[in-house]
Amino acid sequence: MKKIKLEENENIECSNKVILLDNPTYVIFSLKADGIYLPSIKKGDYVYQEEKIAIRKGNHFPIFSSVSGIVEMVDSNKIVIRNDFKNRVREHNIIEYSLNSYTKLEISNILFQLGIINSLDKNEPYEMLGKVVNKTLIINALQQDAYIYLQTFLLKIERKELLELIEAFLEIYNFEEILIVVPKNQELLLEEWKSCIRDSKIKMVEMEEYYSLSNAKELIRAIKKVTYANGLIENGITIFNVSTMLAIYGALKYRRPQIKTMIQFTGNMWKNNCYMEVRIGTSLQEAIEQLSYKRATDVLLLKGGIVSGKVININNYIIDAKALAFTAWKVTKEIKQDSCIRCGKCSKACPVNLHPALIMDAISKKRNLSRFEIQRCIDCGLCNYVCPSNIDIYKNIKREKEKII
Amino acid sequence: MKQYIKTKNICNYNQKDQTYQMFMKVLLIMILYRIMKTGIFPFVLGEITILELLLPILLIIVCILLCYGGYYIGEKYLAKNQYKEEECLIDGILLGLLLPIKTPFWIILIAVFLTIFIGRYFYDGVPIGMPSLIGILGSISLCIWLQICHLDSLNINSILLEFTQEYPLNQISIASIYLGGIGERISKTSPILCILAFLYLRKNIKWRIPIYFIGTYLTLLVFSNYFISNSWIDIFKSIGVGNILFLSLFCGTDMRTTPVTNAGQIVFAVFLGIFTYIGTFFFTSYLAIILSILISNLFTPLYDYFGNYYELKYCSEY
């Protein structure tokens with residue numbers, strides 16, 4: 001396993017430049033990404049932009065084409081569409097719908113039908129907003145990992161759209177409060193937002209950023225100083241990040257599926273760190289051609305940030321709606337995995353008080369893991385990051401956790 | 001609420017090598033201090049010969065070389081890939097510091113053998129004990145056994161005395177104890193230096209162990225002082241004399257053989273303090289703490305079991 005060594009407090013700036021990658025030659029859609037999808041098209045068909053091309057087996061959750069063109073390939077794993085660069089859609093007229101006119105049921109149905117999806121195995125916006133009790137809506141604009149500022153950036157540039165949606169939600173769902181969580185030291189952003197907010201139920205919350213605040217329960221604990229034993233939805237709390245809010249806005253305002261996504265390219269190896277708007281299904285290779293590395297060798301590319309990110313293969317990676325950032329880091333050296341020295345750094349870093357060193361010991365000795373309560377793991381990856389022996393702890397714990405769950 | 005690592009400051013800089021480097025720096029400073037205090041100054045004043053000046057350095061070099069020799073033999077024939085070169089160096093230095101300066105070569109050889117092959121290579125996930133201490137205790141046991149067998153020709157009496165004879169506290173001033181340099185071991189360094197070393201290393205060691213150990217030991221001493229009516233000065237002398245601070249800092253906090261959980265570390269340290277206090281009634285404080293550390297190491301899985309249970313049940317907010 002390769003690891004990256006960053007100097008403490010390395011200053012990595014990301015410019016506010018947005019690159020548009022609107023014309024990918026091919027778009028590819030995985031049919032096994034988060035369940036099994038059944039294609040509704042065949043090879044040689046012509047598909048329009050925003051046309052439904054596959055549905056998930058079981059609950060009919062849809063995938064839409066992000067370009068118009070000819071279907072080059074369909075098999076059980078993927079659909080490949082060659083872009084004709086005409087962006088043809090079936091309905092040319094763009095109708096703007098009033099967000100306040102929707103009912104709760106209509107919103108749930110539209111979000112489901114237009115495939116607004118946020119996590120791997122749940123259609124979160126659909127599930128959350130479908131619930132009867134809605135007390136608090138939290139819009140999270142904090143960093144999801146080190147050096148990833150995408151949510152804050154979107155909060156800056158899409159204020160009008162977000163405010164329209166927030167005000168509509170307040171009216172439809174009758175939320176007791178809507179909290180917009182922004183990082184500290186963003187005075188300008190805060191001022192801009194505060195000057196636009198008219199309802200006292202909408203509040204701006206400044207938070208000092210810590211790594212695991214991207215986890216919903218951690219965020220609630222930090223904001224409300226409470227810990228819920230059961231799920232957040234049962235307690236009437238809904239959390240969306242800014243990207244999801246914008247996808248919901250697009251779906252409700254124009255009744256159109258999400259075909260584009262904003263991604264941040266950051267790290268210490270890009271020549272220019274920037275944001276990029278790409279069509280869903282674009283190959284990462286094509287997106288990266290728009291940028292360039294400082295040096296071609298010794299670069300490690302991660303999907304996500306330095307702590308929780310995963311090493312990806314640039315040649316066969318396809319950008320989907322869940323991708324938020326790609327980070328490129330200078331690899332100082334390949335670090336060998338050593339045996340555990342029981343230093344306890346993993347226990348110290350774990351936000352949920354697990355003891356990864358003891359868990360790893362029990363895994364290697366094939367002992368019963370029930371007393372370690374590994375189902376509490378919030379997948380933050382901090383144990384991996386702080387381990388001085390470079391042991392891939394998180395991978396092992398995740399595997400055992402999946403067995404239990 | 002637990003303190004999280006701040007996003008902007010996050011960095012994986014705290015590598016194992018750096019921890020070892022910090023340990024090395026501290027140990028080197030301690031050796032230099034000892035050599036300056038009981039070597040160079042007396043040599044300049046003509047109190048000791050050049051051989052006596054170089055003997056401590058020679059002992060450490062021999063211990064390090066023998067440890068490396070053992071390490072290479074072990075890697076070649078046992079090859080468990082669990083033992084690192086850095087640990088081998090630390091073992092060598094600790095042995096050099098803990099053994100009396102005039103230890104015969106064959107005792108050093110036995111101590112190294114026990115350290116490397118019993119302490120390190122026999123270790124297989126079960127914390128059987130701090131390796132250097134296994135080496136020291138093994139060689140002391142051997143010396144005692146040889147003395148019982150009346151093998152006086154081996155000339156081990158002076159070595160045994162160094163291990164088993166406590167310095168009469170009333171004959172030494174508190175200043176000389178806290179400035180260090182009493183006795184035949186390099187590890188009998190200044191307790192003040194040990195406190196400074198603790199402050200320097202606190203983020204890289206299991207800091208709870210020395211703190212709670214000294215706390216427990218001191219409490220028991222104060223409590224017994226109430227009944228036995230020793231003077232307060234003697235209590236501070238007892239803490240400073242006999243390597244207690246040095247051993248609790250460098251051997252008591254050994255990562256592989258001590259608990260991982262915070263609660264486990266506290267219980268470990270408290271029991272270590274109790275065992276040491278009881279041990280001082282039967283042995284010298286040096287032997288008492290060595291035995292206590294080794295006994296406590298044996299219960300490490302139990303402390304961790306308790307620590308894990310306690311922290312998940314009572315300290316977690318989920």
Side-chain angles (χ1 to χ4, degrees), chain A residues 3-10 142-143 145-148 183 208-213 217-218 221-222 225 227-229 305-307 335 338-359 361 364-365 371-373 376 378 382 385-390, chain B residues 1-20 80-84 86-87 123-127 203-209 253-265 300-301 303-318:
Chain A
K3 278 207 172 187
I4 316 143
K5 192 176 174 188
L6 264 184
E7 295 303 322
E8 196 175 16
N9 285 325
E10 187 172 2
L142 297 177
Q143 283 175 239
D145 205 325
Y147 308 108
I148 296 177
E208 183 131 22
E209 285 184 298
Y210 298 107
Y211 168 67
S212 51
L213 286 183
K217 280 191 176 178
E218 286 298 310
R221 194 162 67 165
K225 316 282 181 223
T227 306
Y228 296 114
I306 190 166
V307 182
I335 299 165
D338 283 340
S339 59
C340 176
I341 54 164
R342 294 169 54 92
C343 63
K345 283 198 168 80
C346 47
S347 297
K348 204 173 160 189
C350 181
V352 286
N353 282 6
L354 294 182
H355 297 292
L358 299 181
I359 297 169
D361 191 36
S364 67
K365 286 173 184 158
R371 71 187 170 97
F372 298 109
E373 302 189 18
R376 292 178 185 218
I378 59 167
L382 273 172
Y385 193 74
V386 298
C387 179
S389 297
N390 305 305
Chain B
M1 190 166 152
K2 228 175 175 180
Q3 274 297 306
Y4 302 123
I5 298 167
K6 273 189 168 185
T7 315
K8 280 181 182 164
N9 297 333
I10 199 155
C11 98
N12 190 10
Y13 64 95
N14 220 342
Q15 292 293 317
K16 203 192 292 187
D17 296 352
Q18 279 167 307
T19 307
Y20 286 125
K80 282 194 173 185
N81 198 28
Q82 281 193 341
Y83 186 28
K84 302 284 136 215
E86 298 89 344
E87 290 173 308
Y123 168 85
D124 190 20
V126 183
K203 284 183 183 168
N204 290 281
I205 57 167
K206 294 173 178 173
W207 60 268
R208 286 178 184 81
I209 295 174
T253 60
D254 177 55
M255 284 172 182
R256 285 191 197 262
T257 53
T258 50
V260 172
T261 59
N262 291 347
Q265 283 168 30
T300 293
Y303 298 139
D304 266 339
Y305 187 93
F306 157 77
N308 177 62
Y309 172 80
Y310 177 82
E311 283 175 23
L312 285 177
K313 191 155 189 187
Y314 299 105
C315 302
S316 180
E317 291 175 45
Y318 284 116

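Because only heavy atoms are used, hydrogens play no part in the values below, and waters and symmetry mates are left out as well, while side chains stay in. We name chains A, B, ... by the order of the sequence lines, and we start the count at 1 in each one.
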Novice: First locate atom OH of B:Tyr310, then atom CG of A:Asn353, and finally report the distance between them rounded to the nearest 0.5 Å.
Specialist: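 Answer rounded to 0.5 Å: 11.0 Å.
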Novice: Can you name the one residue among B:Asn262, B:Val260, B:Thr261 that meets side-chain contact (heavy atoms from CB on, under 4.5 Å) with A:Ser347?
Specialist: B:Val260
Novice: For A:Arg371, is there any backbone N or O sitting under 3.5 Å from a side-chain donor or acceptor partner on B:Asn308?
Specialist: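 Answer holds: yes.
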Novice: Considering residues, nucleotides and ligands other than B:Phe306, do more than 12 of their heavy atoms fall under 6.0 Å from its CZ?
Specialist: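 Correct, the count exceeds 12.
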Novice: To the nearest 0.5 Å, what is the distance between CD1 (A:Ile341) and CD (B:Glu87)?
Specialist: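 The distance works out to 7.0 Å.
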Novice: Of the non-hydrogen atoms in B:Met255 and A:Cys343, which two are nearest, and what is the gap between them?
Specialist: SD-CB, 3.6 Å
Novice: Would a distance-only check, ignoring hydrogens and angles, find a side-chain to backbone donor-acceptor pair under 3.5 Å from A:Arg342 to B:Thr258?
Specialist: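 Looks like yes, one N/O pair under 3.5 Å.
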Novice: Can you give me the closest heavy-atom contact between B:Leu312 and A:Val352, atom names plus distance?
Specialist: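 The pair with the smallest heavy-atom distance is CD2-O, 4.4 Å.
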Novice: So, using side-chain hydrogen bond (donor to acceptor under 3.5 Å, both in side chains) as the criterion, who are the partners of B:Tyr309 when residues are at least two apart?
Specialist: B:Lys313
Novice: Mind checking salt bridge (charged side-chain N to carboxylate O under 4.0 Å, His left out) for B:Asp254 and listing every partner two or more places apart, or none if nothing turns up?
Specialist: none
